[in-house]
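Chain naming here is simple, since letters A, B, ... match the order of the sequence lines and numbering starts at 1 in each.
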There are 2 protein chains.
Amino acid sequence: MNDVGMGENLLFLTDEQLRQGIEAMFFAYRGFTADPDRILAGMAYGRAHHRAIHFINRALGTTVNNLLILLGVTKQSLNRVLRTLIEDGLVESRVGVTDKRERNLYLTEAGEALERQLSDAQRARMRAAYRAAGPQAVAGFRQVLEAMMDPEMRRKHHALREAGQ
Amino acid sequence: MNDVGMGENLLFLTDEQLRQGIEAMFFAYRGFTADPDRILAGMAYGRAHHRAIHFINRALGTTVNNLLILLGVTKQSLNRVLRTLIEDGLVESRVGVTDKRERNLYLTEAGEALERQLSDAQRARMRAAYRAAGPQAVAGFRQVLEAMMDPEMRRKHHALREAGQ
DNA sequence: CTTGGAAAGTCAACAAGACTGACATAAGCT
DNA sequence: AGCTTATGTCAGTCTTGTTGACTTTCCAAG
């Protein structure tokens with residue numbers, strides 16, 4: 001590869017390019033959460049409830065401990081959210097079969113309905129973005145996101161992927 | 001394009017693929033903010049201060065009103081952050097020249113130093129991710145993020161890009 | 001040229017959601 | 001029996017968002 005070619009390919013690593021990527025990430029994340037946030041604003045729930053519902057749906061029967069690692073919050077913080085979801089009949093907490101200390105979490109029918117409502121809105125935006133950018137761009141998008149995660153979270157993410165498929 | 005080809009190219013729009021993208025976005029954003037958050041944890045500042053400093057640096061002399069649109073918060077919310085930054089001598093607020101209602105915001109030397117410290121950490125992760133994924137993936141990454149933003153934010157983002165280059 | 005409304009910024013009070021620390025209970029393990 | 005683990009809870013704090021009320025400044029219609 002000659003110098004010009006090198007220059008072309010390293011342009012994406014200049015400070016200015018990196019700053020633009022940082023800003024793009026910030027603005028895109030705002031868009032990413034905007035639709036579910038709007039839906040939840042009417043109810044007594046917030047983004048924290050959305051995240052809990054999302055991951056309970058994805059990792060059916062997950063334990064509280066596993067969920068709080070996924071979400072990256074303390075048990076006290078998760079507990080507040082989880083308690084209201086259980087009280088409101090959106091989430092069911094069953095005592096563990098093999099280990100009775102554990103609680104396995106499931107969405108009730110009402111919980112699944114809300115999950116679907118939130119998920120539909122978020123997926124719609126994601127779908128539009130994917131469609132606008134095209135398959136090759138999406139592959140690149142996913143590659144960069146993977147590389148940006150902490151290694152531990154990358155493992156968690158891969159585990160969810162395998163379970164979901 | 002035959003049916004098989006169609007199937008291949010539309011695979012990235014299945015619900016499962018979209019859900020994986022949503023999760024990837026969530027986990028990656030955590031990584032994205034982790035390093036600056038760690039730095040700020042020691043000081044009396046948080047993520048809100050980081051964002052304000054970032055955009056004041058990028059849009060030198062910006063008004064409070066412009067900044068709060070960029071950040072997507074209310075002026076009251078921004079004001080608290082801004083006040084501490086000004087009190088601590090990281091940001092300078094100058095009364096507008098043409099319109100005395102406005103305040104033009106600038107980083108002081110100390111402000112620039114902190115900006116550099118935070119920015120270096122965040123760019124290092126971004127650079128590692130970009131390098132790992134390669135130029136083509138980065139182009140795709142940027143395309144999808146652009147498409148995911150609200151149109152108004154996309155315009156703001158483009159304006160910053162032009163000013164920064 | 002005055003006056004009324006709009007715009008920019010500030011102050012105060014409140015809410016959501018994160019945190020730490022301490023403690024209780026139940027269950028599993030050595 | 002005693003230690004550890006998983007979960008839940010209470011209390012208090014912090015950050016960061018919100019709304020409402022207010023001041024200062026600007027602009028434009030009468």
Does CD belonging to E109(A) count more than 12 external heavy atoms closer than 6.0 Å? no
Quick note, side-chain hydrogen bond (donor to acceptor under 3.5 Å, both in side chains) partners involving residues 63-80 of chain B, not counting sequence neighbours, are T62(B)-N66(B)
Outermost nucleotides of DNA chain C that come under 4.0 Å of a non-hydrogen atom of chain B: dA6(C) to dA12(C)
With sequence neighbours excluded, residues passing salt bridge (charged side-chain N to carboxylate O under 4.0 Å, His left out) with R47(A): D37(A)
Strand-adjacent residues in residues 90-102 of chain A, judged by heavy atoms under 4.0 Å from DNA chain C: T98(A), D99(A), K100(A), R101(A)
Please report, to 0.1 Å, the donor-acceptor pairs under 3.5 Å made by any side chain of residues 132-149 of chain B, with sequence neighbours excluded.
residue: E146(B); atom: OE1; partner: H158(B); partner atom: NE2; Å: 2.8
residue: E146(B); atom: OE2; partner: H157(B); partner atom: ND1; Å: 2.9
residue: E146(B); atom: OE2; partner: R161(B); partner atom: NH1; Å: 3.3

Could you check whether any side-chain N or O of D88(B) sits under 3.5 Å from a backbone N or O of L90(B), counting only pairs where one atom can act as donor and the other as acceptor? no
Mind checking whether L114(B) and M43(B) have side chains closer than 4.5 Å, heavy atoms only? yes
Who pairs with Y29(A) by ring pair (Phe, Tyr, Trp, His ring centres under 6.0 Å), at least two apart in sequence or on another chain? F32(A), Y29(B)
Under the rule for salt bridge (charged side-chain N to carboxylate O under 4.0 Å, His left out), what residues qualify as partners of E152(B), not counting sequence neighbours? none
Sequence neighbours excluded - ring-ring contact (aromatic ring centres under 6.0 Å, His included) pairs with any residue from residues 72-95 of chain A: none
Taking only residues two or more places apart in sequence, or in another chain, which ones meet F55(A) in a ring pair (Phe, Tyr, Trp, His ring centres under 6.0 Å)? F26(B), F27(B)
Heavy-atom protein contacts under 4.0 Å, nucleotides 12-20 of chain D, coded B base, S sugar-phosphate only, - none: ---SBBBBB
Has the side chain of R123(B) got a donor or acceptor atom that lies under 3.5 Å from a matching backbone atom of I22(A)? no
Non-neighbouring partners of R103(B) that pass salt bridge (charged side-chain N to carboxylate O under 4.0 Å, His left out), sequence neighbours left out: none
Taking only heavy atoms on the protein side, list every residue of residues 52-67 of chain B lying under 4.0 Å from any atom of DNA chain C, sorted numerically. V64(B), N65(B)
